[in-house]
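Single-structure report; data block below.
Throughout, residue positions are numbered sequentially from 1 according to the sequence presented.
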Amino acid sequence: MRVPALVLATLTLSGCANMAVDSNVSPTGIKDYYKGNNVTLYGRDELKGLNYVTLGTVEGEACKIEANEPPPKDADARAHIRRRAADMGANGILLDRCTRFNDMPGCIEQVLCSGQALKVNK
């Protein structure tokens with residue numbers, strides 16, 4: 001009884017050997033998505049006593065384009081600003097604010113975060 005079950009399992013699994021998985025996530029897209037993980041969000045008090053250089057202003061957004069989509073999340077806008085800061089060579093951000101807007105061009109609802117990209121010596 002064991003041998004036929006093993007043969008059946010082997011044949012079933014080997015039938016999937018030539019299957020390909022098509023994904024909308026490319027290796028470059030994955031790398032881009034996670035590049036902001038090394039960028040820390042700082043408050044003004046956390047920067048006291050730290051040695052850092054301001055690299056410039058940076059913004060990130062999350063947008064609701066279609067009416068049937070969920071509202072944009074602040075966390076998505078913060079993730080976007082962290083990726084943009086990483087593109088500038090930053091490892092930190094002094095987050096100024098995140099603001100929610102309605103009826104913006106191209107967005108039904110939008111969260112826009114702004115801050116300063118920082119290079120913090122740790």
Side-chain angles (χ1 to χ4, degrees):
M1 182 72 177
R2 257 184 105 165
V3 173
L6 183 60
V7 169
L8 181 61
T10 303
L11 290 174
T12 302
L13 293 175
S14 66
C16 299
N18 292 328
M19 289 186 66
V21 176
D22 187 25
S23 173
N24 63 349
V25 181
S26 67
T28 305
I30 291 282
K31 188 176 180 182
D32 183 59
Y33 183 80
Y34 287 106
K35 73 179 164 188
N37 283 0
N38 295 324
V39 178
T40 304
L41 295 175
Y42 289 98
R44 293 200 187 280
D45 291 340
E46 295 172 295
L47 289 172
K48 289 180 182 175
L50 293 179
N51 185 14
Y52 64 92
V53 175
T54 302
L55 302 177
T57 302
V58 66
E59 293 181 341
E61 71 164 342
C63 180
K64 175 181 176 177
I65 298 172
E66 301 289 333
N68 61 346
E69 294 177 347
K73 297 178 185 175
D74 290 9
D76 292 337
R78 287 191 306 269
H80 187 223
I81 196 173
R82 290 170 69 190
R83 288 192 299 273
R84 304 230 16 225
D87 287 340
M88 297 172 68
N91 63 356
I93 295 174
L94 175 58
L95 192 62
D96 293 330
R97 72 179 61 88
C98 289
T99 308
R100 191 169 293 270
F101 297 99
N102 292 315
D103 295 324
M104 297 299 291
C107 295
I108 295 172
E109 189 176 353
Q110 179 185 39
V111 175
L112 182 65
C113 293
S114 61
Q116 300 297 313
L118 308 173
K119 185 68 172 180
V120 180
N121 295 325
K122 297 180 181 184

Problem - Test side-chain contact (heavy atoms from CB on, under 4.5 Å) applied to Val58 and Gln116, step by step - result: CA-CA 6 Å; Val58 66; Gln116 300 297 313; over 6 Å; no
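- Between Glu69 and Cys63, the closest heavy-atom pair is OE1-O, 4.2 Å.
- No side-chain donor-acceptor contact under 3.5 Å links Arg83 to the backbone of Gly36.
- When each of Ile93, Leu41, Val111 is tested with Arg78 by the rule side-chain contact (heavy atoms from CB on, under 4.5 Å), just one qualifies, namely Leu41.
- Here the side chains of Leu94 and Tyr52 are not in contact, with every heavy-atom distance at 4.5 Å or above.
- Side-chain contact between Lys119 and Asn91 is present, with heavy atoms from C-beta onward closer than 4.5 Å.
- The only member of Val39, Leu95, Asp76 that meets side-chain contact (heavy atoms from CB on, under 4.5 Å) when paired with Ile81 is Leu95.
- Between Asp45 and Lys48 there is a salt bridge, since a side-chain N of the basic residue sits under 4.0 Å from a carboxylate O of the acidic one.
- Of all the heavy atoms in Ala77 and Cys113, the pair that sits closest is CB-SG, 3.6 Å.
- Residues Met104 and Gln110 approach most closely at CG-OE1, 3.5 Å, considering heavy atoms.
- Residue Arg82 holds its CZ atom at 7.0 Å from OG1 of Thr40, rounded to the nearest 0.5 Å.
- The shortest distance between side-chain heavy atoms of Pro70 and Lys64 does not fall below 4.5 Å.
- Leu47 places a side-chain heavy atom less than 4.5 Å from the side chain of Leu118.
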Exercise for the section: Quick one: do Glu109 and Arg100 satisfy salt bridge (charged side-chain N to carboxylate O under 4.0 Å, His left out)? Show the steps, please. Expected result: CA-CA 7 Å; Glu109 189 176 353; Arg100 191 169 293 270; 2.9 Å; yes
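- In this structure, the separation between OG1 on Thr57 and CE on Met88 is 7.5 Å, given to the nearest 0.5 Å.
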